[in-house]
K.L.:
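Questions regarding the structure given below will be posed in turn.
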Amino acid sequence: AGQGLVYAYFNGSARAFTSSDGAAGDGFGAAVTLNDDGSILLVGSPYSDVSGKTDQGAAYAFFRSDVNWTQISQITASDGAAGDQFGIALDVSPDGRRAAVAATYATVGSNAFQGAVYVFDRASGTTWSQTARLTASDGAPNDQLGQSVAVVGSTVLAGTPLVTPDVSQRFQGAVYVFYQAPVLQV
């Protein structure tokens, strides 16, 4: 009880499920997203304990075949720390091959709670590989980068509503755009 639950509805059929390693207080379902054809579901579980690190957080990927959902992987940050709350916000690309997962309480350098967004790619099958850790170059303590995220192709957007550019504009907020230029091969 208390680990969280996600309901999936498809063609009049409903299914309720949790993560395979769920525990009370995990917050499973804090964030959810589907790819365009509805075959890949990502679920955030920001209060999951990972390898003894309290509230490091995790995301879970599920695959739908007809009306059946199967958990295909648990996704975690390679440098995850206690309290990061990885999975508090997430998005999956329309084709289901790229995911952006936020850890809004991640420490960056000496900046507590600056936040980071992690990018994962799925070449095929069930394996998601971390390809980037995105942070704001002008980040400051308590910015909480990644309170909202979006990913399309090679572009990742990360919202940070607590950014204060100067004292006269407290909590003005910002959206950071991260773009990976394509590699031209000849």
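No hydrogens, no waters, no symmetry mates; every other heavy atom, side chains included, goes into these values.
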K.L.:
Got a second to check how far Q114's CD is from N142's CG, nearest 0.5 Å?
P.N.:
10.0 Å
K.L.:
Under a single-linkage definition using a 4.5 Å side-chain heavy-atom cutoff for Ile, Leu, Val, Met, Phe, Trp and Tyr, are F86 and L90 assigned to the same hydrophobic cluster?
P.N.:
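They do share one cluster, since a chain of ILVMFWY contacts under 4.5 Å joins F86 to L90.
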K.L.:
Donor-acceptor pair, distance only, cut-off 3.5 Å: does the side chain of K53 make one with the backbone of G83?
P.N.:
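No; judged by distance alone, with no hydrogens or angles, the pair does not exist.
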K.L.:
May I ask whether V50 and I88 are part of the same hydrophobic cluster, defined by side-chain heavy atoms of I, L, V, M, F, W, Y residues being less than 4.5 angstrom apart, directly or through others?
P.N.:
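Different hydrophobic clusters.
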K.L.:
Donor-acceptor pairs under 3.5 Å, side chain of residues 146-163 to any protein atom, not counting sequence neighbours: which ones?
P.N.:
from	atom 1	to	atom 2	distance (Å)
Q147	NE2	Q144	OE1	2.5
S154	OG	Q180	O	3.1
T160	OG1	D143	O	2.5

K.L.:
Rounded to the nearest 0.5 Å, how far does OG1 of T70 lie from CD1 of I72?
P.N.:
9.0 Å
K.L.:
For Y176 and D138: C-alpha separation, side-chain torsions, deciding distance, then whether side-chain contact (heavy atoms from CB on, under 4.5 Å) applies.
P.N.:
CA-CA 10 Å; Y176 289 83; D138 62 347; 2.7 Å; yes
K.L.:
Give, for atom OG of S73 and atom CZ of R122, the distance between the pair rounded to the nearest 0.5 Å.
P.N.:
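It is 8.5 Å, given to the nearest 0.5 Å.
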K.L.:
If the condition is side chain to side chain contact (heavy atoms under 4.5 Å, CB included), which residues does D36 pass it with, not counting sequence neighbours?
P.N.:
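Per chain and number, D36 pairs via side chain to side chain contact (heavy atoms under 4.5 Å, CB included) with P94.
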K.L.:
State plainly whether one hydrophobic cluster holds both F63 and V6, where clusters connect Ile, Leu, Val, Met, Phe, Trp and Tyr through side-chain heavy atoms under 4.5 angstrom apart.
P.N.:
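No, because F63 and V6 fall into different hydrophobic clusters, even though each may have its own neighbours under 4.5 Å.
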K.L.:
Are the side chains of D55 and D84 in contact, using a 4.5 Å heavy-atom criterion?
P.N.:
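Side-chain contact under 4.5 Å: no.
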K.L.:
So, for A112 and T107, which heavy atoms are closest and what is the spacing to 0.1 Å?
P.N.:
CA-OG1, 3.7 Å
K.L.:
List the steps and the verdict of side-chain hydrogen bond (donor to acceptor under 3.5 Å, both in side chains) for D79 and Y118.
P.N.:
CA-CA 10 Å; D79 63 347; Y118 295 81; 2.6 Å; yes
K.L.:
Please check if the side chain of R64 supplies one atom and the backbone of W69 the other of a donor-acceptor pair under 3.5 Å.
P.N.:
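Side chain of R64 to backbone of W69: no pair is present.
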K.L.:
Please confirm whether the backbone N or O of F120 pairs with a side-chain atom of Q130, one donor and one acceptor, at under 3.5 Å?
P.N.:
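Looks like no, no N/O pair under 3.5 Å.
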K.L.:
Check side chain to side chain contact (heavy atoms under 4.5 Å, CB included) between T131 and all other residues, then give those that pass, not counting sequence neighbours.
P.N.:
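Partners of T131 under the side chain to side chain contact (heavy atoms under 4.5 Å, CB included) test: V119, D121.
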K.L.:
Taking all heavy atoms of A89 and all of A31, pick out the closest pair and write down the distance.
P.N.:
CA-CB, 4.0 Å
K.L.:
Looking only at heavy atoms, which two atoms of G96 and W128 are closest? And how far apart?
P.N.:
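Closest heavy-atom pair between G96 and W128: O-CH2, 3.4 Å.
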K.L.:
Taking only residues two or more places apart in sequence, or in another chain, which ones meet D21 in a salt bridge (Lys or Arg N to Asp or Glu O under 4.0 Å)?
P.N.:
none
K.L.:
Report the relative orientation of the aromatic rings in F28 and F62; use parallel for angles under 30°, tilted for 30 to 60°, perpendicular for over 60°.
P.N.:
perpendicular
K.L.:
Got a sec, which residues hit ring pair (Phe, Tyr, Trp, His ring centres under 6.0 Å) with Y47, two or more places apart in sequence or on another chain?
P.N.:
none
K.L.:
Looking only at non-hydrogen atoms, find the nearest pair between L5 and Y7 and report the distance.
P.N.:
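Looking at all heavy atoms of both residues, the closest pair is CD2-OH, 3.3 Å.
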K.L.:
Examine the side chains of Q74 and Y60 and answer whether a donor and an acceptor come within less than 3.5 Å of each other.
P.N.:
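Yes - a donor-acceptor pair under 3.5 Å links their side chains.
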K.L.:
In terms of hydrophobic clustering (I, L, V, M, F, W, Y; side-chain heavy atoms under 4.5 Å; direct or indirect links), are V92 and V32 co-clustered?
P.N.:
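Different clusters.
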K.L.:
Using only atom types and a distance under 3.5 Å, with no angle test, would you say the side chain of T18 pairs donor to acceptor with the backbone of G22?
P.N.:
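Side chain of T18 to backbone of G22: no pair is present.
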K.L.:
Can any side-chain N or O of N111 pair as donor or acceptor with the backbone N or O of G139 at less than 3.5 Å?
P.N.:
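Confirmed, N111 side chain pairs with G139 backbone.
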K.L.:
Let me check something: any side-chain donor-acceptor pairs from residues 39-46 under 3.5 Å, sequence neighbours excluded? List them with distances.
P.N.:
from	atom 1	to	atom 2	distance (Å)
S39	OG	N35	ND2	3.4
S39	OG	D37	OD1	2.6
S45	OG	D26	O	3.2
S45	OG	S48	OG	2.7

